[in-house]
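Step one of this worksheet: look at the structure below.
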Amino acid sequence: MINSKKQESRPRGSVSYPMEYYRINTADPDYDLPYHWHIEFEFIHILKGQYNLFAGSKEYCLKAGDFFLVSSGILHGDSEQFRKGCIYESLVFDPNIMQINNYLTINFLEKLIDGEYYFSIMQENCENDFCRILTELFKTVKTKTIGYEYQTVSLLFQLMGIIDTQNLYKHNEHYMKEGGKLIWLKCVMNLIKQKYSEQITLDEMADSAGFSPKYFCRIFHEVTHYTPMEYLNQYRINRAAEMLFNTDESIEAIAFDCGFNDISYFRKLFKSYKNKTPLKYRSEGQTEKSVDTTKQ
């Protein structure tokens, strides 16, 4: 679920245990992780293969065994260099799960949760206490043995203690106290989410951010490594790919539904992003569906 500020806001776990475990195979035909953010923290563990991830304003190449930490409000998703063929697991949780005896009033945790600080986005594949605790945390959440709720919170506090004492965090240079968490960027992304099938101008995107077009283009590229129009086109192509896989609509109709009035331009752009034509993408998707049905 996406709210009015392009925030992913799906429920995580339960009210008493707001943590959810996911196992992701990027080779799944319907896999797609567009840029998004959420108030929860997310810990990622690469199990197999290689995964190229965009987070904050950088791209990271993660390999089997790596851990990666994403703070509240950090923009992240598949990188421009993303290639399918990775299996990873993820823990997404509300940091208020640590709200015991008012420990969240600790200055460091307050700033981390509010978005003024963020994890020094970490790639760790080693045998130190930090990785040992992360490994135990994933195991605890997956197995859910008796007392796992208490053990989860204990492990989280141990991790936060290491992050705090070893200064494994940075100040968010884009933090805005009156709104925080790149609120302008989330407004732009919500505009794209709601109106990608229509003609969206640069002036319209800049206006939703509250910036002049010139400043908006500069700051948008600084944060995302894309121009506003590049990001809009990538979003449209990803939506078109979903429709090609999940519907029987014609390629022309899908192009129009995703904001493209020129079918030739749509085909050219689709191939540049997906390394195959829309027709080939659909036919390969249908083949994969048939294989999955046979297996069942």
Side-chain angles (χ1 to χ4, degrees), residues 2-3 5-9 12 18-20 22 33-46 51-62 66-80 88 90-99 103-125 128-131 133-134 137-138 155-189 209 219-226 231:
I2 305 293
N3 69 13
K5 297 175 182 176
K6 192 59 177 70
Q7 170 196 353
E8 185 184 40
S9 55
R12 311 289 187 184
M19 177 177 285
E20 197 75 45
Y22 301 93
L33 189 66
Y35 292 169
H36 67 289
W37 69 283
H38 38 70
I39 62 172
E40 296 91 352
F41 293 170
E42 181 170 5
F43 296 168
I44 296 170
H45 181 212
I46 308 301
Y51 180 53
N52 295 85
L53 174 72
F54 175 92
S57 59
K58 299 180 181 179
E59 293 186 358
Y60 300 84
C61 179
L62 306 177
D66 283 348
F67 289 101
F68 194 88
L69 278 60
V70 182
S71 303
S72 174
I74 295 294
L75 190 71
H76 60 286
D78 294 337
S79 84
E80 188 176 6
Y88 68 87
S90 168
L91 293 178
V92 184
F93 64 95
D94 184 340
N96 286 297
I97 196 174
M98 294 180 286
Q99 195 167 12
Y103 283 133
L104 285 184
T105 60
I106 296 174
N107 187 52
F108 157 69
L109 284 176
E110 280 189 325
K111 292 180 182 295
L112 195 62
I113 292 169
D114 191 43
E116 185 172 352
Y117 290 169
Y118 65 95
F119 300 127
S120 299
I121 313 281
M122 282 170 277
Q123 286 177 242
E124 293 280 353
N125 183 1
N128 58 20
D129 285 343
F130 189 79
C131 291
I133 295 170
L134 274 169
L137 177 62
F138 273 91
L155 291 167
L156 285 174
F157 272 114
Q158 291 180 61
L159 285 172
M160 295 303 158
I162 293 175
I163 292 169
D164 189 7
T165 57
Q166 296 185 15
N167 296 315
L168 300 178
Y169 62 90
K170 296 180 181 179
H171 187 272
N172 188 349
E173 62 185 38
H174 298 291
Y175 177 77
M176 303 176 186
K177 286 190 175 180
E178 64 272 18
K181 302 184 180 70
L182 295 175
I183 194 68
W184 63 268
L185 181 60
K186 291 143 198 174
C187 290
V188 175
M189 291 189 167
I219 195 68
F220 189 95
H221 188 271
E222 179 182 326
V223 172
T224 68
H225 289 188
Y226 289 93
Y231 181 85

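For the numbers below, each heavy atom of this structure counts, side chains included, while hydrogens, waters and symmetry mates do not. Just so you know, residue 1 is the first one in the sequence shown, and it goes up from there.
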Exercise for the section: Given side chain to side chain contact (heavy atoms under 4.5 Å, CB included), test L156 with M19 step by step and report yes or no. Expected result: CA-CA 12 Å; L156 285 174; M19 177 177 285; 4.0 Å; yes
Problem - V188 vs Y231 side-chain heavy atoms within contact, under 4.5 Å - result: no
[atom2] on [Y] to [atom1] on [X], rounded to 0.5 Å:
X: S71; Y: K111; atom1: OG; atom2: NZ; value: 14.5 Å
X: T165; Y: M160; atom1: OG1; atom2: CE; value: 12.0 Å
X: F119; Y: F41; atom1: CZ; atom2: CZ; value: 4.5 Å
X: L134; Y: L91; atom1: CG; atom2: CG; value: 8.5 Å
X: F93; Y: E40; atom1: CZ; atom2: CD; value: 9.5 Å
X: Y22; Y: E42; atom1: OH; atom2: CD; value: 8.5 Å

Exercise for the section: For the residue pair H45 and F138, categorise the inter-ring angle as parallel (less than 30°), tilted (30 to 60°) or perpendicular (more than 60°). Expected result: tilted
Fill in the blank from the handout: When every non-hydrogen atom of I133 is compared with those of L155, the smallest separation belongs to CG2-O, 3.6 Å
Exercise for the section: Measure across L53 and G77 and return the closest heavy-atom pair with its distance rounded to 0.1 Å. Expected result: CD1-O, 3.2 Å
Problem - Sidechain-backbone polar pair: D94 side chain, I97 backbone, donor-acceptor under 3.5 Å - result: no
Practice task
Check each of L137, L168, D164 against L159 using the side-chain contact (heavy atoms from CB on, under 4.5 Å) test, and report the only one that passes.
Solution key: L137
Exercise for the section: Take D78 and Y51 through the test side chain to side chain contact (heavy atoms under 4.5 Å, CB included) and record every step on the way to the result. Expected result: CA-CA 8 Å; D78 294 337; Y51 180 53; 2.7 Å; yes
Exercise for the section: Let me see the working for D66 and Y60 under side chain to side chain contact (heavy atoms under 4.5 Å, CB included), right down to the final yes or no. Expected result: CA-CA 11 Å; D66 283 348; Y60 300 84; over 6 Å; no
Handout entry: Any residue meeting ring-ring contact (aromatic ring centres under 6.0 Å, His included) with Y169, in chain and number order, not counting sequence neighbours
Key = F108, Y117
